[in-house]
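Inspection log for the structure reproduced underneath, given as structure tokens.
Scope of the values below: all heavy atoms of this structure, side chains included, with no hydrogens, waters or symmetry mates.
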Amino acid sequence: MKITVNVWRQKGAQASGRLVKYQVDHVSPDMSFLEMLDILNQQLIAKNEEPVAFDHDCREGICGSCGVMINGLAHGGRLATTTCQLHMRSFKDGDVITVEPWRAKAFPVLKDLIVDRGAFDRIIQSGGYISAATGSAPEANSTPIPKENADLAFDAAQCIGCGACVAACPNASAMLFTAAKVSHLGLLPQGQPERKSRVFNMVATMDAAGFGGCTNIGECSAACPKEIGLHFIGRLNRDLLSATLSGGTTAD
Amino acid sequence: MTIETKPQVDTRKPVEYTDARLNANVPAGPIEQKWSKHKFEMKLVNPANRRKHTIIVVGTGLAGGAAAATLGEQGYNVKAFCYQDSARRAHSIAAQGGINAAKNYRNDGDSVQRLFYDTIKGGDFRAREANVHRLAELSVNIIDQCVSQGVPFAREYAGYLDNRSFGGAQVSRTFYARGQTGQQLLLGAYSALSRQVAAGTVELNERTEMLDIIIIDGRARGIVTRDMVTGEIESHLGDAVILATGGYSNVYYLSTNAMGCNITAAWRAHKRGAFFANPCYTQIHPTCIPVSGDHQSKLTLMSESLRNDGRVWVPKKAADTRTPDTIPEDERDYFLERRYPSYGNLAPRDIASRAAKIVCDEGLGVGPGGLGVYLDFSAAMKRLGENTVRARYGNLFDMYERITGENPYKIPMRIYPAVHYTMGGLWVDYNLMSTIPGMFVGGEANFSDHGANRLGASALMQGLADGYFVLPSTIGNYIATGGYSTIDPSHPAVTEAVGAVKERIQQFLSINGTRSVDSFHRELGNIMWEYCGMSRTEEGLKKALTLLPALREQFWSDVRVLGSGTELNQELEKAGRVADFIELGELMVRDALERAESCGGHFREESQTEEGEALRNDDEYCYVAAWEHFGTPSQAVLHREQLQFESIKLATRSYK
Ligand SMILES: Cc1cc2nc3c(=O)[nH]c(=O)nc-3n(C[C@H](O)[C@H](O)[C@H](O)COP(=O)(O)OP(=O)(O)OC[C@H]3O[C@@H](n4cnc5c(N)ncnc54)[C@H](O)[C@@H]3O)c2cc1C
Ligand code: SF4
Ligand code: FES
């Protein structure tokens with residue numbers, strides 16, 4: 001099939017960008033969306049034009065590198081699917097597709113479709129861990145964890161840090177991302193000692209990074225390729241409230 | 001299978017190291033005591049002095065991430081690097097199936113000794129015993145460490161950790177987190193690393209690619225990097241360098257590795273003096289989604305754990321066009337169960353892959369081009385119910401459906417082998433130090449623990465053993481025995497290395513040829529798959545040795561790299577990686593030609609039993625091939641580290 005793409009081209013972080021129209025011929029329905037962009041890039045190189053820069057690595061929906069707005073929808077809007085997992089069989093011959101980078105103040109564009117998501121790492125660095133020094137761990141089975149808790153913690157832990165939740169949110173809030181990590185660790189016995197300081201510090205870092213506030217719209221969870229549930233935001237809010245009441249200290 | 005209980009001493013002629021640099025430095029004493037004794041004997045660095053020492057860690061996967069976090073915790077000044085935009089995205093994230101550990105929670109007869117034995121045998125007796133034993137010992141600590149970090153492993157209803165079985169083992173020792181074990185383990189290491197970044201002991205440099213190593217007075221003292229956003233070339237100096245840069249399966253273009261996985265860091269080190277060991281040992285994974293067309297950019301693995309409940313078969317009749325559900329039982333060939341009755345569908349990877357290739361070569365394959373076999377869950381669904389199957393493999397089934405558009409709950413999956421893992425890598429001694437003093441290598445990037453074939457769920461184990469436990473101890477010992485002076489950033493060796501990197505980049509940009517980097521990469525991949533893939537012949541390998549130098553020459557005269565070096569330029573990044581892959585390919589072929597025996601993942605058609613199984617030749621090839629670089633790969637010189645089997649008797653590997 002033939003596809004027309006309007007792609008955001010921006011030379012660098014300081015440059016201004018614009019949408020440029022290209023036609024891609026010989027698109028097969030079995031191709032992934034990124035393979036379609038590969039073909040576009042090969043066409044551009046053949047014409048001595050610079051290829052489109054986009055982030056990608058695993059191409060199987062787990063590293064969280066890829067992620068673009070496709071016709072205004074994060075990762076293309078298909079349920080539980082990253083951009084690299086989206087296949088061209090979701091489109092038809094003659095379609096016109098607009099491809100843009102994530103748009104959020106906290107995610108500045110570096111080039112074309114690539115943004116800087118370093119703010120996510122800073123949120124994790126401010127508390128998204130359990131302080132367990134290597135070599136000091138007790139025997140793993142000495143603390144049984146009820147299966148339901150372990151499973152729920154796993155559900156939250158699946159976040160791939162792609163940023164679609166931020167891109168989909170009208171406020172560009174990072175609440176779902178932060179809540180996923182707060183919930184994952186807060187659901188496990190090992191995560192209890194730092195539970196309050198964790199949520200307190202992570203939310204403070206999130207706010208300082210320029211992400212917007214959460215007004216419970218729910219676009220984040222709908223766009224999330226790992227289907228991280230909104231209920232985790234409720235957990236974060238409960239933890240935050242109790243942390244704030246105790247002054248953000250760990251002393252329960 | 002019987003375990004050899006009585007240690008039998010290897011009676012062949014004593015070892016002769018052809019090169020003093022290939023001394024493995026294995027501690028003396030009984031194998032069970034080597035590591036604890038060595039740990040006790042190693043020198044320690046006073047905690048107060050540690051922050052004066054800078055350790056450079058290239059790679060933030062399981063091996064590098066765990067090493068950087070632990071060295072940071074110990075108080076060293078750590079500089080960590082990765083090419084992705086975040087340390088959390090290293091390709092370890094993609095591991096699905098699980099991680100082995102000899103916990104024996106199932107009381108099914110597992111032990112450190114059995115894991116050790118399985119790994120040596122799985123590696124077809126081409127790994128160093130002492131390293132493997134240490135790996136088996138450390139496996140139990142890894143699980144404890146990960147659980148304490150909050151890794152949400154699968155649990156039973158009673159709240160205890162659950163296990164599953166993996167290929168090449170008859171016990172249940174694989175720990176897992178649904179189909180995302182690597183993700184959860186890596187996020188554990190990443191969180192430990194993040195804690196150290198906050199503590200100020202680790203400086204993280206993302207989107208930064210290592211392009212050369214700096215050697216001063218014979219020791220590794222730093223690296224040269226390119227900032228992948230600004231294009232700036234920088235040097236970073238320190239007391240020791242760890243490379244944990246992953247595997248090189250992408251030399252085949254199509255593999256299960258991420259698009260950015262590369263050999264560059266290791267290859268640059270090889271060109272500066274690090275020996276490269278067993279480059280031809282590659283692993284072809286039996287359960288991948290078959291290729292769908294020329295546009296294919298990578299292959300997707302379906303976890304081997306699927307073979308716990310899925311049955312592999314092809315129609316008995318060639319070119320059978322019936323749908324799988326209409327083919328009656330007696331017209332199906334469950335070829336793994338038939339050929340390997342005791343291991344059945346859980347035969348090790350190299351064996352299962354080759355068996356699939358054989359039936360496809362006979363014209364019995366299914367799907368486009370006949371390059372596929374069925375992996376069928378209908379029996380498991382009858383036995384366990386669809387819900388249980390969904391709970392065990394749901395995300396893998398979804399992944400399959402997304403890619404192929406077919407529903408595996410209704411129609412059997414189609415699978416075909418794909419390149420997945422590289423057992424070869426930089427040569428290291430027992431301390432994981434390469435032949436360049438001060439340069440250590442961990443994880444998939446070294447050659448150390450898997451011999452000629454890696455068992456499933458053992459790479460995650462090795463990466464974390466190296467990163468959390470081995471490297472932090474052995475590096476301490478290296479630093480403590482050193483007393484190294486600070487290096488002046490204007491040292492001639494630094495200027496030379498920085499200059500060489502800049503010049504190479506300029507070269508890529510100035511060729512201005514007609515072909516894209518990808519077109520060269522694809523061509524390289526085709527040559528490697530055809531002549532140095534699942535089975536290899538002298539004739540084919542010799543042919544590849546004429547094709548590869550020609551490809552290299554063409555690349556350097558006709559590649560087209562647009563844009564400049566002072567900006568984010570993905571074509572430039574790829575050009576550097578493909579240039580190195582082409583050279584590596586040639587060394588792999590030479591190694592495969594040199595090793596005229598079959599072992600593990602390396603199958604030489606000339607060396608097989610009457611039944612078509614791999615035929616090892618222990619008299620001539622019971623060694624590690626370690627290559628030293630001179631000029632071009634065709635001039636590389638082979639050194640041998642003789643392997644000794646003292647605890648486990650050399651035996652024919654059988655899974656019948
Ligand atoms: C799809 C898949 C599934 C797998 N499943 C399993 C499994 O179930 N069980 C199991 O045990 N094993 C599995 N494996 C194997 C296992 O995942 C890997 O061998 C292991 O994770 C490698 O870890 P590593 O730390 O050595 O390297 P990686 O995780 O690949 O990390 C490499 C790091 O090096 C960095 N790097 C590379 N080159 C450079 C450079 N030039 N400059 C700067 N940084 C650089 C990268 O940015 C990255 O941070 C699987 C592998 C694949 C591909
Ligand atoms: S919460 Fe979902 S959308 Fe947001 S970063 Fe994580 S995986 Fe991506
Ligand atoms: S490329 Fe890894 S999630 Fe898409």
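B:Arg207 and A:Asp55 are joined by a salt bridge, as a carboxylate oxygen and a charged side-chain nitrogen come within less than 4.0 angstrom of each other.
Using a 4.5 Å cut-off between heavy atoms, B:Glu567 touches chain A through its side chain atoms alone. The part of B:Leu204 that comes within reach of chain A is its side chain, from C-beta onward, which places non-hydrogen atoms under 4.5 angstrom from that chain. Using a 4.5 Å cut-off between heavy atoms, B:Ala158 contacts chain A through its backbone alone, with no side-chain atom that close. Of the atoms belonging to B:Thr404, it is backbone heavy atoms, and not side-chain ones, that fall under 4.5 Å from chain A. With a 4.5 Å cut-off on non-hydrogen atoms, B:Thr256 touches chain A through its backbone but not through its side chain. Only the side chain of B:Glu206 comes within contact range of chain A, judged by heavy atoms closer than 4.5 Å. Only the side chain of B:Gln96 comes within less than 4.5 Å of a heavy atom in chain A; its backbone stays farther off. Neither the backbone nor the side chain of B:Ile289 comes within less than 4.5 Å of any heavy atom of chain A. Using a 4.5 Å cut-off between heavy atoms, B:Leu187 contacts chain A through its side chain alone, with no backbone atom that close. Proximity to chain A (any heavy atom under 4.5 Å) is shown, for B:Asp85, by both the backbone and the side chain.
Taking the side chain to side chain donor-acceptor pair (under 3.5 Å) definition, one finds that A:Asp57 meets it with B:Tyr83, B:Gln84, sequence neighbours left out. Every salt bridge (charged side-chain N to carboxylate O under 4.0 Å, His left out) that A:Arg59 has, sequence neighbours left out, goes to A:Asp38.
With hydrogens and angles ignored, the 3.5 Å screen pairs a side-chain donor or acceptor of B:Arg89 with a backbone N or O of A:Ile160. A donor-acceptor contact shorter than 3.5 Å is absent between the side chain of A:Glu50 and the backbone of B:Leu562.
Side-chain contact check for B:Gln149 and A:Gln190: no donor-acceptor pair (N or O, by modelled atom type) lies under 3.5 Å.
Contact detail for A:Thr134 and B:Tyr468: the closest heavy-atom pair is CG2-O, 3.5 Å. Residues B:Arg402 and A:Arg89 approach most closely at O-NH1, 2.9 Å, considering heavy atoms.
Looking at B:Arg178 and A:Asp151, their side chains come closer than 4.5 Å, going by heavy atoms from C-beta outward.
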